[in-house]
Amino acid sequence: MPYQNEFAHYQPLRRIAESERVKQLLKRSRVLYSGIVTKELIPSPAPIAEGTLPSIVLAVDGSYAEVDVKNGYPGAKVGYVSVASVMVNLAELDRLDEHRPVNPVLYRTTEEPSSEACALPGCNVITRTNNSASDSFREAVFDLFHDAIIDEEDNTTLLDTYNSLLAYKPSVEIRCPNIDCDNNVRIGMSVDTCPCSLKRPLYPTDALRIQERFVNESGSNGEALGLIMQIWERLLLVHLLRCFESRGWLGKLNDVAFFLDGPLAVFGPPAWLSAAIQAELMRLNQKAHDEGGSDLIVIGIEKSGTFVSHFEEMDRLEDGSDRFQSRSYFLLPDSYIKQRIINSDSSKRYGSQTYFGRKFFYKAASGARIVATLPFLTPEQDTLDSSDISLYPKFPIICELLDKLVTSRYPNALSPIVAAHAQAAIPLHLGQKVLKQLATALMLPQKT
């Protein structure tokens, strides 16, 4: 790391460029030529939807930020995480669309937002009787899921939904998350204590192992906050579906589409949740199919990243035309991903430990490029090798739905995701009053 106002000179850069080790590394690196890449990417025309589109779309998105606080310790930080859902009434939107121009006030009435936010201790922030910032963080994560009741008419918490997913994991044994203990401990569905002499608490949420990415003494905990946001978004999706199940509404969900910002995957230490979510979605989908004769509509949307960049690059031909025509798609097989996007010789399929769905590229009727993920809702769909689109009965409706939801506000964007992000976004510069209130709520005076 440089000192303040210290700038690099040209001489070190020249030494690096002329280094024999650097030259040898570059010579050994694989180069993929565009002419080879394009041979396997053959778009197909999107099938025409025969059924009616859903009249309701529910989108989920999240955001997080980290700010400095003053509690007498250097580098003290607090993290904010916000997750929002927006319900869009497509039937009402269609009715308003018949009388253009649409009054913006009336347009906003077609969207019903809901958002939740929490604050989490960062480095050098210790709460209650905890012994470290890491322990404070673990307790706050548990409290977040324990206290989150999404539906006022249903007292089920996010922790209940999390525990239902934890039940899919046959054995949950980890190294004790308490920093003064080296025992291996078994994590259950309720708060327990470590069997060592310290008798410190163990939380069901410790099985996520996010505390392993937590920085106690100095630096940012952005990675840990990002993992919390990721889990919260996906838990909310499963939680809402389980709420519909408890009310006997699963059979009516052919009229609802669920959009999740980001791929249908769980990354990092909590990746085991991916298989649990897949199993739960399959169970819920089977029940929805039995009761209503139709599969669930769940779609993950990627706004940026490697796959988005690849789609944009591959869509451009040398003569200036587009490879993908409007309303065309490409289901990404395992071999294409490994050879053309994520260089890999692994015998395991791409995303086998992290994804609960498969990706596809779609060029909407408007020309927007959409990178999306279809969930594995049946055992037959659980593949990256088949190009048989009939495995996904809802795919024609999904394509038409994407056509309808494309917005011109941002490139290649969908209006429900934009609306959900607007509700979840956290300002970069939070007011001092907010920070002061937060510090008062989180931090107890230190005894001397």
Taking all heavy atoms of [X] and all of [Y], pick out the closest pair and write down the distance.
X: Ile397; Y: Thr52; value: CD1-O, 3.8 Å
X: Gln381; Y: Pro375; value: OE1-O, 3.2 Å
X: Pro379; Y: Met282; value: N-CE, 3.8 Å
X: Asn184; Y: Arg175; value: OD1-CA, 3.6 Å
X: Pro269; Y: Leu227; value: CD-CD1, 4.0 Å
X: Ala84; Y: Ser115; value: CB-CB, 3.7 Å

Output yes when a side-chain donor or acceptor of [X] lies under 3.5 Å from a complementary backbone atom of [Y], and no otherwise.
X: Glu66; Y: Asn221; answer: yes
X: Thr407; Y: Ser415; answer: no
X: Ser246; Y: Cys243; answer: yes
X: Asn412; Y: Arg369; answer: yes
X: Asp261; Y: Val60; answer: no
X: Ser274; Y: Thr354; answer: yes
X: Ser309; Y: Gly305; answer: yes
X: Glu111; Y: Val88; answer: no
X: Glu302; Y: Phe307; answer: no
X: Arg327; Y: Pro45; answer: no

Q.
Let's go through Glu139 and Thr127 carefully: what are the C-alpha distance in whole Å and the side-chain angles of both, what is the deciding distance for side chain to side chain contact (heavy atoms under 4.5 Å, CB included) to 0.1 Å, and is it a yes or a no?
A. CA-CA 9 Å; Glu139 182 187 49; Thr127 60; 3.8 Å; yes
Under 3.5 Å, is there a donor-acceptor pair between the [X] and [Y] side chains?
X: Glu92; Y: Thr110; value: no
X: Asp382; Y: Gln278; value: yes
X: Asp388; Y: Ser386; value: no
X: Asp143; Y: Tyr203; value: no
X: His421; Y: Tyr410; value: no
X: Arg138; Y: Asn130; value: no

Q: Please test Tyr355 against Tyr350 for ring pair (Phe, Tyr, Trp, His ring centres under 6.0 Å), starting from the C-alpha separation and ending with a verdict.
A: CA-CA 8 Å; Tyr355 277 78; Tyr350 171 76; 5.4 Å; yes
With a 4.5 Å heavy-atom cut-off, do [X] and [Y] have their side chains touching?
X: Arg242; Y: Ser164; result: yes
X: Phe356; Y: Leu281; result: yes
X: Val125; Y: Ser136; result: no
X: Asp385; Y: Arg349; result: no
X: Glu400; Y: Lys404; result: no
X: Val81; Y: Trp232; result: yes
X: Pro43; Y: Lys363; result: no
X: Gln286; Y: Leu250; result: no

From [atom1] ([X]) to [atom2] ([Y]), nearest 0.5 Å:
X: Ser328; Y: Asp315; atom1: OG; atom2: CG; answer: 7.5 Å
X: Tyr392; Y: Ile398; atom1: OH; atom2: CD1; answer: 10.5 Å
X: Ser55; Y: Leu90; atom1: OG; atom2: CG; answer: 7.0 Å
X: Ile299; Y: Thr373; atom1: CD1; atom2: OG1; answer: 10.0 Å
X: Leu332; Y: Lys359; atom1: CG; atom2: NZ; answer: 8.0 Å
X: Gln230; Y: Ile210; atom1: CD; atom2: CD1; answer: 8.0 Å

Q: Name the orientation class of the two ring planes belonging to Phe330 and Phe361 (parallel below 30°, tilted from 30 to 60°, perpendicular beyond 60°).
A: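 Ring orientation of Phe330 relative to Phe361: tilted.
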Q.
Could you go through Val185 and Asn178, starting from their C-alpha distance and side-chain angles, then the distance that decides it, and tell me whether this counts as side chain to side chain contact (heavy atoms under 4.5 Å, CB included)?
A. CA-CA 11 Å; Val185 294; Asn178 294 293; over 6 Å; no
Would you find more than 12 non-hydrogen atoms of other residues, nucleotides or ligands less than 6.0 Å from [X] atom [atom1]?
X: Glu173; atom1: CD; value: yes
X: Lys252; atom1: NZ; value: no
X: Glu212; atom1: CD; value: yes

Ring centre gap for [X] and [Y] strictly below 6.0 Å:
X: His146; Y: Tyr162; value: no
X: Phe311; Y: Tyr329; value: no
X: Phe137; Y: Phe214; value: yes

(Q) As a quick check of understanding, evaluate ring pair (Phe, Tyr, Trp, His ring centres under 6.0 Å) for Phe324 and Phe360, giving each step before the final call. (A) CA-CA 13 Å; Phe324 280 73; Phe360 70 97; over 10 Å; no
Q.
As a quick check of understanding, evaluate side chain to side chain contact (heavy atoms under 4.5 Å, CB included) for Ile277 and Trp272, giving each step before the final call.
A. CA-CA 9 Å; Ile277 292 174; Trp272 63 264; over 6 Å; no
Q: Would you please test Leu202 and Val191 for side chain to side chain contact (heavy atoms under 4.5 Å, CB included) and show each step?
A: CA-CA 6 Å; Leu202 299 173; Val191 179; over 6 Å; no
**Q.** NZ/NE/NH1/NH2 to OD/OE distance under 4.0 Å, Glu313 and Arg340
**A.**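 Judged by the 4.0 Å cut-off on N to carboxylate O distance, Glu313 and Arg340 do not form a salt bridge.
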